[in-house]
6 protein chains.
Amino acid sequence: MIDLARLPGVARLIDLALAEDLGRGDVTSESVLDGDGGPASAGLVARGELVVFGIDIASAVFAAVDPRCAVKARLAAGALAAPGAVLADVEGPAVPILAAERTALNFLQRLSGVATLAHRFAEAVAGTAARVVDTRKTTPGWRVLEKAAVRAGGCHNHRADLGSGILIKDNHIAACGGVSLAVARARARAPHSLRVEVEVDSLAQLGEAIAARADIVLLDNMSVGEVEEAARAAHAAGIQVEVSGGVTLERAALYARAGADFISVGALTHSARAVDIALDFR
Amino acid sequence: MIDLARLPGVARLIDLALAEDLGRGDVTSESVLDGDGGPASAGLVARGELVVFGIDIASAVFAAVDPRCAVKARLAAGALAAPGAVLADVEGPAVPILAAERTALNFLQRLSGVATLAHRFAEAVAGTAARVVDTRKTTPGWRVLEKAAVRAGGCHNHRADLGSGILIKDNHIAACGGVSLAVARARARAPHSLRVEVEVDSLAQLGEAIAARADIVLLDNMSVGEVEEAARAAHAAGIQVEVSGGVTLERAALYARAGADFISVGALTHSARAVDIALDFR
Amino acid sequence: MIDLARLPGVARLIDLALAEDLGRGDVTSESVLDGDGGPASAGLVARGELVVFGIDIASAVFAAVDPRCAVKARLAAGALAAPGAVLADVEGPAVPILAAERTALNFLQRLSGVATLAHRFAEAVAGTAARVVDTRKTTPGWRVLEKAAVRAGGCHNHRADLGSGILIKDNHIAACGGVSLAVARARARAPHSLRVEVEVDSLAQLGEAIAARADIVLLDNMSVGEVEEAARAAHAAGIQVEVSGGVTLERAALYARAGADFISVGALTHSARAVDIALDFR
Amino acid sequence: MIDLARLPGVARLIDLALAEDLGRGDVTSESVLDGDGGPASAGLVARGELVVFGIDIASAVFAAVDPRCAVKARLAAGALAAPGAVLADVEGPAVPILAAERTALNFLQRLSGVATLAHRFAEAVAGTAARVVDTRKTTPGWRVLEKAAVRAGGCHNHRADLGSGILIKDNHIAACGGVSLAVARARARAPHSLRVEVEVDSLAQLGEAIAARADIVLLDNMSVGEVEEAARAAHAAGIQVEVSGGVTLERAALYARAGADFISVGALTHSARAVDIALDFR
Amino acid sequence: MIDLARLPGVARLIDLALAEDLGRGDVTSESVLDGDGGPASAGLVARGELVVFGIDIASAVFAAVDPRCAVKARLAAGALAAPGAVLADVEGPAVPILAAERTALNFLQRLSGVATLAHRFAEAVAGTAARVVDTRKTTPGWRVLEKAAVRAGGCHNHRADLGSGILIKDNHIAACGGVSLAVARARARAPHSLRVEVEVDSLAQLGEAIAARADIVLLDNMSVGEVEEAARAAHAAGIQVEVSGGVTLERAALYARAGADFISVGALTHSARAVDIALDFR
Amino acid sequence: MIDLARLPGVARLIDLALAEDLGRGDVTSESVLDGDGGPASAGLVARGELVVFGIDIASAVFAAVDPRCAVKARLAAGALAAPGAVLADVEGPAVPILAAERTALNFLQRLSGVATLAHRFAEAVAGTAARVVDTRKTTPGWRVLEKAAVRAGGCHNHRADLGSGILIKDNHIAACGGVSLAVARARARAPHSLRVEVEVDSLAQLGEAIAARADIVLLDNMSVGEVEEAARAAHAAGIQVEVSGGVTLERAALYARAGADFISVGALTHSARAVDIALDFR
């Protein structure tokens with residue numbers, strides 16, 4: 001596993017986060033306490049059931065403020081934590097811990113929130129061959145972090161960015177002039193490392209996609225019955241099927257049983273709620 | 001109004017967002033379409049009722065990819081949009097519009113989500129003297145944007161960062177040795193432009209805060225009855241009262257009527273759901 | 001105390017400083033000496049009486065060039081050093097010490113210059129209730145460093161930036177339409193963590209500010225007699241008084257005795273002279 | 001002339017300056033005024049006699065906040081302005097002008113301060129063959145700006161950085177083992193585009209430098225008489241002479257008449273006082 | 001087509017390039033000419049036959065120094081230019097043109113060098129079904145630019161980065177324990193938008209890859225005969241074949257005729273020579 | 001020696017390089033291996049004869065990805081390595097080594113390529129008084145690294161950038177109005193730390209340059225005979241001679257023997273081929 005906090009984009013986001021909260025110092029802690037406040041010890045404690053992800057990022061935040069702040073995880077990334085569980089221990093001088101606390105928690109709570117929601121979706125399709133996958137509807141600046149949280153929760157990633165997957169949507173088809181031409185151009189011009197996925201609106205268009213030998217078809221906002229029929233046709237042609245469009249936990253299960261190979265869920269990242277995690281001093 | 005997209009921190013976040021999604025180009029649009037794809041026209045359309053905020057940021061995203069992309073708002077920041085309403089028009093070459101679409105929408109959907117939730121909270125306390133205020137539980141990297149969205153939705157801002165407000169919390173009091181000393185030190189050492197707010201856990205501690213002549217007391221996780229009693233005592237001493245702790249729309253109304261001056265709601269920013277906005281080509 | 005050198009803005013300034021002086025290497029040291037020049041030992045020595053501030057920044061500069069360079073302070077930040085006093089010891093290879101020397105000294109000399117001047121102003125008002133405070137007339141890029149130097153020298157900080165204090169000036173009043181409206185708007189719209197300060201030009205305007213219940217009034221370029229009269233009136237209404245405008249050491253003492261609560265001095269940061277500190281090899 | 005504000009390092013400094021003052025918005029202007037505050041017109045006015053430099057940078061600051069803010073210079077860089085002179089006109093919306101004012105003035109006042117001091121030194125040596133030159137004792141982050149201000153004031157630049165000039169100092173000589181070897185190594189290893197300058201402490205060492213065929217000798221803290229003697233000897237050998245060490249206006253004139261070719265003055269940049277310039281609204 | 005010069009990574013590289021060459025100004029042009037040097041007109045002229053690519057980047061370099069510098073291309077990206085052909089016209093003030101010239105040419109010469117070499121490889125396999133593709137052996141910092149130059153020259157891109165393609169190499173296989181397991185894990189864990197390519201050393205390993213149903217096999221350093229045999233076997237299983245390893249123009253043609261689908265050539269980017277292009281003033 | 005990897009510009013280039021290759025993680029290594037892949041050991045092995053340069057940069061790349069990756073050089077910078085020689089050992093977890101491998105090698109291969117070519121040129125003029133020097137035709141973003149590689153290979157550096165050397169070219173002379181005026185202005189306005197070099201096209205112009213007392217003349221594209229004649233005349237006047245223009249190894253030797261002091265070779269940096277270095281796991 002690559003240390004996410006060291007990736008240039010993530011390091012820049014942490015820098016941005018500290019600049020915005022601590023760029024002018026911590027006027028409360030620095031006026032109320034003397035010097036570095038003396039040694040302190042605290043726990044990162046789950047206030048509800050959650051899947052933990054992001055302790056490494058929280059740790060990098062504390063270390064960025066003061067390298068004497070050490071975070072020691074008690075649970076692995078992706079572990080399910082019971083309410084009250086101590087996720088990690090934090091040791092260091094009181095002032096930098098207090099100064100970094102909110103930023104560290106803001107990362108940890110959001111990422112664990114994504115992982116927790118992903119865990120629920122993974123459970124919803126457990127026992128089927130379907131994968132729940134994320135989308136590019138991530139928080140700007142957070143792409144690589146949220147996608148890692150999705151994996152930690154048990155779901156899968158769709159393409160990382162506009163350069164690492166071909167997904168021909170309705171607008172592309174309209175602008176290009178048809179499914180066949182769009183698929184052919186993608187094959188001819190894009191890197192051979194990428195599979196060609198194309199959105200289809202109807203079973204007629206699905207036929208076109210099959211004829212054009214797309215690798216994957218995306219069925220957007222179709223009923224479970226339509227998905228079942230489309231999946232049958234696609235699979236017969238050796239083509240995989242992705243389903244999208246306002247997918248809830250319940251519909252995810254239905255789509256999975258209807259034969260969808262991939263169920264993409266934007267809500268995994270754009271609407272996950274932060275879970276409640278506190279920094280409790282001892 | 002300052003143009004938020006030009007603030008250094010926001011410009012950096014937009015840069016980060018484009019780097020993560022478009023840093024290697026848009027392999028689909030660039031392979032399926034020729035050249036810049038020719039002129040295109042589209043609308044940013046609300047898929048549900050929402051309070052709009054962030055069109056300027058979306059506009060900056062499109063312009064960053066290609067200055068020929070022009071976004072023209074139809075609704076002002078903070079306006080309530082009905083489902084189906086066109087929020088803004090986008091004109092420009094098809095390829096850069098497609099390439100910037102997702103990043104622009106990711107900003108707009110999240111910020112409008114925050115504004116929409118803020119709008120609901122503002123309505124919940126309408127007719128009272130209380131303000132619903134945000135917290136520092138914002139998305140790392142997004143502080144200034146989310147705080148502007150909160151204002152657009154009709155709520156108010158709490159301190160911008162650790163340098164622009166004094167909020168003495170339980171941990172500070174414990175480490176410092178008491179409410180009185182903490183308040184005195186803050187007064188003696190911090191900039192005089194800042195008011196002194198102190199968290200109190202009990203009515204006894206409230207008395208201490210009053211005696212120390214704090215400007216504001218923060219009541220965390222107290223019942224409505226406790227808030228009512230505390231507010232009475234504080235107001236008699238010319239001190240304002242802030243209430244926090246898992247505040248829902250319903251409880252916000254109750255706290256407001258109980259005499260809270262400020263009701264801080266972390267969920268405004270840490271748990272707002274993205275609203276649904278689409279880019280529809282014409 | 002937060003380690004200033006680790007704050008994102010300060011780290012960026014140090015990076016900028018090294019880029020501008022050492023970005024193409026040190027052609028003298030690297031051509032005249034072999035390899036890293038071998039181990040060296042030096043002292044940072046005061047060439048006159050001064051209040052020291054910035055050894056941590058100097059240390060960060062040396063470490064940025066070569067982590068083997070170690071700086072060990074002999075005096076605490078804010079200490080008064082006699083001429084000839086060794087402020088700190090520097091150990092490390094000769095080439096990186098020589099390469100970093102000028103940049104490290106440039107930081108240390110300017111920051112100690114600010115602290116030294118602040119020390120003089122603090123002494124000028126010693127024994128009164130007045131605080132000498134800085135302004136936003138800091139060296140662009142240096143805000144947080146210079147404000148820390150001011151504190152180290154015994155003075156106080158005014159607001160950190162345009163977001164952490166409300167200061168309604170003559171231009172605001174003119175554009176807004178009057179003191180009362182301006183104060184009312186600031187109260188209604190700005191974060192409640194901030195006090196409201198308003199500049200008044202005359203005793204008439206002071207009355208308006210008192211009526212509008214401003215928290216602080218700023219008296220710009222008033223005579224000592226006027227300040228005395230204004231302070232009396234303001235204090236009677238529970239309002240604090242700040243004085244500004246070409247304040248010298250002598251006038252600071254007079255204003256303090258006339259009842260000013262805060263005396264703001266732009267010269268603390270915009271016109272402090274660098275003090276003389278040398279790096280002497282042993 | 002290259003537009004300094006577009007150089008990467010200067011653009012970064014302006015960005016840093018705006019981030020530190022305006023990174024969280026301008027809470028006063030934005031709460032007291034509505035929208036962008038409407039059109040405004042102001043003048044940048046000299047409050048004392050000064051040599052102006054930095055209007056382009058001030059202009060870039062205003063434009064960075066809002067491109068509708070336009071600055072039109074009335075005086076050229078390096079011109080002498082009488083007290084009360086309008087240096088430039090500023091037009092644009094009131095809010096961004098107010099928000100950018102302080103940062104723009106902070107640049108302009110300091111740079112004009114440097115140019116004004118340089119002007120005095122240039123006058124002190126007028127009529128002689130000597131040049132007053134700056135040093136590397138510049139404000140970290142400001143090198144290229146301050147050196148341009150020095151030129152605008154009529155003085156000259158010494159080397160831009162550690163890579164664009166060879167200056168062998170006492171520490172180099174001590175570490176290397178002697179003047180001859182140091183000069184020889186510099187000649188052998190450094191780019192041929194650079195002249196070789198060497199510091200000499202005594203007339204004996206001057207002889208060594210002459211024998212080693214240095215291009216320039218630096219006489220640090222020598223008396224006027226010593227400088228005269230050394231200059232005679234050096235000039236006879238075709239070597240130029242630089243003088244340094246606590247040079248005042250008076251001593252600059254004396255050194256110039258004693259035959260110094262270059263008189264380097266650290267105070268030009270490390271101890272110039274900001275001149276007083278105001279933004280007056282009309 | 002996305003404007004490459006606006007991509008965050010490319011903008012950063014241009015900034016870096018200008019910082020390193022022009023960060024301290026252009027001491028020659030600024031001392032020898034007065035002001036901006038007056039209007040000038042020049043042509044970018046091919047000094048030999050070449051395929052042009054990078055005029056947009058050169059244009060962005062000139063505009064970054066001074067927006068008055070305008071570059072107008074005469075030839076489209078990817079066009080073949082005869083010796084002496086004017087590729088583009090440059091108009092603007094003389095000083096910024098001279099100051100930006102070298103940096104602009106350094107970009108243009110290298111990128112056209114890559115496009116020119118790619119053109120030769122594309123011609124070498126013309127008439128066959130094979131694609132010549134690039135590798136990740138690009139100049140650090142230049143990935144997206146060099147890959148665009150490869151396309152402009154008529155070759156194709158392999159994966160953009162480590163996140164946009166699965167290429168299981170010998171070291172992965174050794175560490176993982178075998179081809180089958182490696183392919184299975186990649187399928188199970190990696191985004192479904194990516195095809196699975198695996199390196200095989202021998203015909204035995206090819207069988208394993210076919211059995212594991214890899215999408216593509218990479219044959220490294222195999223003879224033309226081996227490639228022919230492997231391609232036959234792979235194609236029979238519906239698997240594509242990539243060939244790599246010190247591929248010259250001659251061998252590219254042979255591999256293409258032997259049935260290779262993709263021929264990857266590191267030299268396209270790591271060893272292309274800059275072509276000669278001059279800026280000729282008129 | 002300054003640690004190049006710590007210079008701000010180089011650190012930024014390494015960051016850019018990692019962002020472009022690893023910004024989205026290493027989808028192959030992370031899916032095929034578990035966790036960090038376990039401890040691994042590898043060698044950086046020369047695949048041909050080469051002069052090694054850049055192990056420190058490669059080491060910084062590995063450490064940036066994971067500080068547990070340690071690189072230990074077996075050969076010093078500038079050493080000649082035989083085919084098969086192990087240049088350095090790499091120890092650390094397998095996943096980060098694999099993830100950083102390509103970027104580290106891309107730096108090392110290019111820099112060693114430059115050093116190797118420089119070595120050949122240095123040998124070509126060995127035994128003469130001439131120096132082969134580089135130019136500003138470096139890879140944008142790589143200036144300081146490539147110039148260090150040139151030195152490591154035994155050649156010398158020309159000016160580092162436009163601010164550290166005066167080189168008056170034909171375009172300057174044309175725009176300025178003549179050699180004499182150009183030289184005089186450069187002397188009068190540029191820092192005295194810089195020598196004045198002027199390009200001459202003919203022996204007539206050489207006379208002008210001698211009369212103007214330039215320090216160095218640049219002879220561009222002259223025959224060996226012309227160089228010989230010009231060198232004689234220039235040397236007689238105490239002026240040094242640089243020769244440039246499509247210099248090959250053979251012509252370098254001839255120019256050196258003809259009396260050129262400096263022979264500048266753009267190909268050293270713009271057309272060096274990467275040498276072949278592999279990372280072999282054990």
Side-chain angles (χ1 to χ4, degrees), chain A residues 9 12-14 16-17 19-33 37-38 40 94 98-99 102-103 105-107 109-110 136-144 161-169 171-172 174-176 182 185-186 188-191 194 270-271 273-274 281, chain B residues 9 12-14 16-17 19-33 37-38 40 94 98-99 102-103 105-107 109-110 136-144 161-169 171-172 174-176 182 185-186 188-191 194 270-271 273-274 281:
Chain A
R12 222 165 274 155
L13 181 65
I14 292 174
L16 207 49
E20 76 185 2
D21 197 36
L22 188 57
R24 286 128 189 79
D26 177 353
V27 79
T28 306
S29 302
E30 295 186 275
S31 66
V32 165
L33 303 183
L98 287 163
R102 186 71 267 144
T103 299
L105 284 175
N106 285 349
F107 274 106
Q109 290 181 315
R110 174 173 297 269
R136 286 169 44 245
K137 296 180 180 177
T138 51
T139 309
W142 286 64
R143 178 71 53 84
V144 79
D161 65 4
L162 285 169
S164 59
I166 299 165
L167 181 38
I168 303 169
K169 295 206 175 161
N171 287 324
H172 294 110
C176 170
R185 281 188 176 170
R189 299 177 179 175
L194 305 178
H270 73 54
S271 293
R273 296 177 58 92
F281 276 80
Chain B
R12 221 165 276 154
L13 181 65
I14 292 174
L16 207 49
E20 75 186 1
D21 196 37
L22 189 56
R24 285 129 188 79
D26 176 353
V27 77
T28 305
S29 302
E30 295 187 273
S31 65
V32 165
L33 303 183
L98 288 164
R102 186 71 265 146
T103 299
L105 285 175
N106 285 350
F107 274 106
Q109 290 181 316
R110 173 172 297 267
R136 286 169 45 247
K137 296 181 181 177
T138 51
T139 309
W142 284 64
R143 178 70 54 84
V144 80
D161 65 4
L162 286 169
S164 60
I166 300 165
L167 182 37
I168 303 168
K169 296 207 174 161
N171 288 324
H172 294 109
C176 171
R185 282 188 176 170
R189 299 176 180 174
L194 304 178
H270 73 54
S271 293
R273 297 176 58 93
F281 277 79

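Since the model is a prediction, treat every value here as computed from it, not as a measurement. Order of the sequence lines sets the chain letters (A, B, ...), proteins ahead of strands, with each chain counted from 1.
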So do the side chains of Val27(B) and Leu194(A) get within less than 4.5 Å of each other, counting heavy atoms only? yes
Answer yes or no: is there a side-chain heavy-atom contact under 4.5 Å between Glu20(B) and Val144(A)? no
Measure Arg102(B) against the heavy atoms of chain A and call it side chain, backbone, both or neither at under 4.5 Å. both
Any heavy-atom pair between the side chains of Asp161(B) and Leu22(A) that's under 4.5 Å? no
Would you compute the distance between atom CZ of Arg273(B) and atom OG of Ser271(A) and round it to the nearest 0.5 angstrom? 4.0 Å
Whatever's closer than 4.5 Å to a heavy atom in chain B on Ala19(A) counts as neither
How long is the span from the NE2 atom in His172(A) to the CZ atom in Phe281(B), to the nearest 0.5 Å? 8.0 Å
Check: Asn106(B) and His270(A) side chains under 4.5 Å, non-hydrogen atoms: no
Does a side-chain heavy-atom distance below 4.5 Å link Leu16(B) with Pro140(A)? no
May I ask you to check whether Arg24(B) and Ser164(A) show a side-chain donor-acceptor distance below 3.5 Å? no
Nearest 0.5 Å, please: how far is NZ in Lys169(A) from CG in Leu98(B)? 9.5 Å
What option among Ser31(A), Gly163(A), Ala17(A) has the most heavy-atom pairs under 4.5 Å with chain B? Ser31(A)
Which answer fits Ala182(B), side chain, backbone, both or neither, if we ask what part of it has an atom under 4.5 Å from a heavy atom of chain A? both
Report which part of Asp26(A) has an atom under 4.5 Å of a heavy atom belonging to chain B: side chain, backbone, both, or neither. both
Looking only at heavy atoms, what is the nearest atom pair of Ala99(A) and Leu162(B), with distance? O-CD1, 3.3 Å
Is there a donor-acceptor pair under 3.5 Å between the side chain of Thr28(A) and the backbone N or O of Leu167(B)? yes
Pair count under 4.5 Å, heavy atoms only, with chain A: among Ile168(B), Leu13(B), Thr139(B), Ile14(B), highest is Thr139(B)
Between Trp142(B) (side chain only) and Gly141(A) (backbone N and O only), is there a donor and an acceptor less than 3.5 Å apart? no
Please look at Ala94(B) and chain A and tell me whether the side chain, the backbone, both or neither of the residue comes under 4.5 angstrom of a heavy atom of that chain. neither
In Å and rounded to the nearest 0.5 Å, what is the NZ to CG distance from Lys137(A) to Leu105(B)? 8.5 Å
Chain B shares the most heavy-atom pairs under 4.5 Å, among Thr103(A), Leu33(A), Ile166(A), with Leu33(A)
